[in-house]
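The residues of the chain are indexed from 1 along the displayed sequence. Source: prediction; values computed, not measured.
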Amino acid sequence: MKLFIDTGSVAEVEEIAAWGVLSGATTNPTLLAKEEGDPGEAIRRICELVDGPVSGEVVSDSAREMVAEGRALAGLDDRVVVKVPFSAEGLAATRELASDGIPVNETLVFSAAQALLTAEAGATYVSCFMGRLDDIAVNSEEVLAEIIGALGPDREAQVLAASLRHPMHAVIAARLGCEVATVPGKVLKAMLAHPLTESGIARFSKDWESRPEFGQWLRGLVDESAAAKR
């Protein structure tokens, strides 16, 4: 499963892209509105940082206006994916954009029935919001499994798990077979943490520091390696 970051913050993408784990990003009007500066420049910079698909969302209600906005967003960078909210108008816009060769991320999909319509309209990604389902006491794991099962193993549309609130959402999405999960920065950071990892690192460091000559040996080895590459 590929990991995208869900954010409008260039600084956050810069930080986490350095880990080498990101394959793309998703933005939305809410996330971009939290940041200063031009949103188009932010989307372009995020494209550069992740060097993969980056979703930018349309904001109009009519298919005609969605298509116009989608074409404009796609013009920002070749890696832009147009995010379209699910609706009858959204499906019509998705079909037209997809016919133009513009990839679409159909967002706010909350059922297998909606996912089937989304896939038939030609969307590249079907985005199911796990956290929002859980918020209304609907089991997001069951809904996601139904979507994956309905679209089948030979599906062309990729199932994208969104609205991830904690690391287990990412684990569930991977276990069910989602192609992508888009994850907020704070959840990606939470995925780093485990008390046994932290205590193990502390123990290794303490043991290594008890033998200063080992540290000198390693520094010398690093210097030799650097010199050999000059």
Side-chain angles (χ1 to χ4, degrees), residues 4-8 24-35 38-40 42-44 46-47 52-136 138 140 142-152 155-164 173 178-182 184:
F4 290 5
I5 185 170
D6 190 34
T7 186
T26 55
T27 70
N28 62 44
T30 300
L31 293 172
L32 290 170
K34 293 178 181 178
E35 306 299 322
D38 178 72
I43 291 171
R44 287 191 186 97
I46 292 170
C47 286
V54 176
S55 292
E57 188 165 345
V58 301
V59 296
S60 293
D61 295 329
S62 74
R64 181 179 59 81
E65 292 173 339
M66 287 181 189
V67 169
E69 291 173 0
R71 287 171 176 159
L73 286 167
L76 291 172
D77 190 281
D78 291 342
R79 291 160 288 200
V80 168
V81 175
V82 177
K83 188 188 279 191
V84 175
F86 182 87
S87 66
E89 293 292 305
L91 290 171
T94 296
R95 168 55 66 187
E96 188 164 347
L97 289 167
S99 296
D100 289 345
I102 296 172
V104 174
N105 175 359
E106 197 88 13
T107 189
L108 299 173
V109 173
F110 292 104
S111 72
Q114 290 180 331
L116 288 170
L117 292 172
T118 296
E120 285 301 308
T124 301
Y125 300 100
V126 179
S127 285
C128 176
F129 282 43
M130 297 181 74
R132 296 196 191 186
L133 285 165
D134 291 341
D135 287 345
I136 60 168
V138 174
S140 62
E142 290 181 0
V143 173
L144 201 56
E146 288 173 0
I147 288 172
I148 291 168
L151 295 181
R155 59 185 176 270
E156 293 184 9
Q158 299 182 47
V159 179
L160 188 155
S163 185
L164 274 60
C178 289
E179 283 81 7
V180 182
T182 187

Inset, instruction - Quick one: pull up CZ in F110 and CD1 in I147 and give me the separation to the nearest 0.5 Å. - result: 9.5 Å

Legend entry - C47 side, atom SG; R79 side, atom CZ - distance, nearest 0.5 Å: 5.5 Å

List in chain and number order the residues that pass side-chain contact (heavy atoms from CB on, under 4.5 Å) with [X], two or more places apart in sequence or in another chain; answer none if no residue qualifies.
X    : answer
E146 : A112
A92  : A63
A161 : M130, L144, L164, A173, C178, A181
A98  : none

Non-neighbouring partners of [X] that pass side chain to side chain donor-acceptor pair (under 3.5 Å), sequence neighbours left out:
X    : answer
S140 : D134
T26  : D6, T182
E35  : none

Inset, instruction - Please report the closest heavy-atom contact between D61 and M66, naming both atoms and the distance. - result: O-CE, 3.5 Å

Inset, instruction - Name all pairs fulfilling the side-chain hydrogen bond (donor to acceptor under 3.5 Å, both in side chains) condition that reach into residues 82-94, sequence neighbours left out, sorted by first residue then second. - result: T94-E106

Inset, instruction - If a pair satisfies side-chain hydrogen bond (donor to acceptor under 3.5 Å, both in side chains) and one of its residues is in residues 111-131, list it, with sequence neighbours excluded. - result: N105-S127

Please name all residues satisfying salt bridge (Lys or Arg N to Asp or Glu O under 4.0 Å) with [X], sequence neighbours left out, ordered by chain then number.
X    : answer
R95  : none
R71  : E96, D100
E179 : R155

Legend entry - Side-chain heavy atoms of V143 within contact of C128, under 4.5 Å: yes

Legend entry - Under 3.5 Å donor-acceptor, T27 side chain and S55 backbone: yes

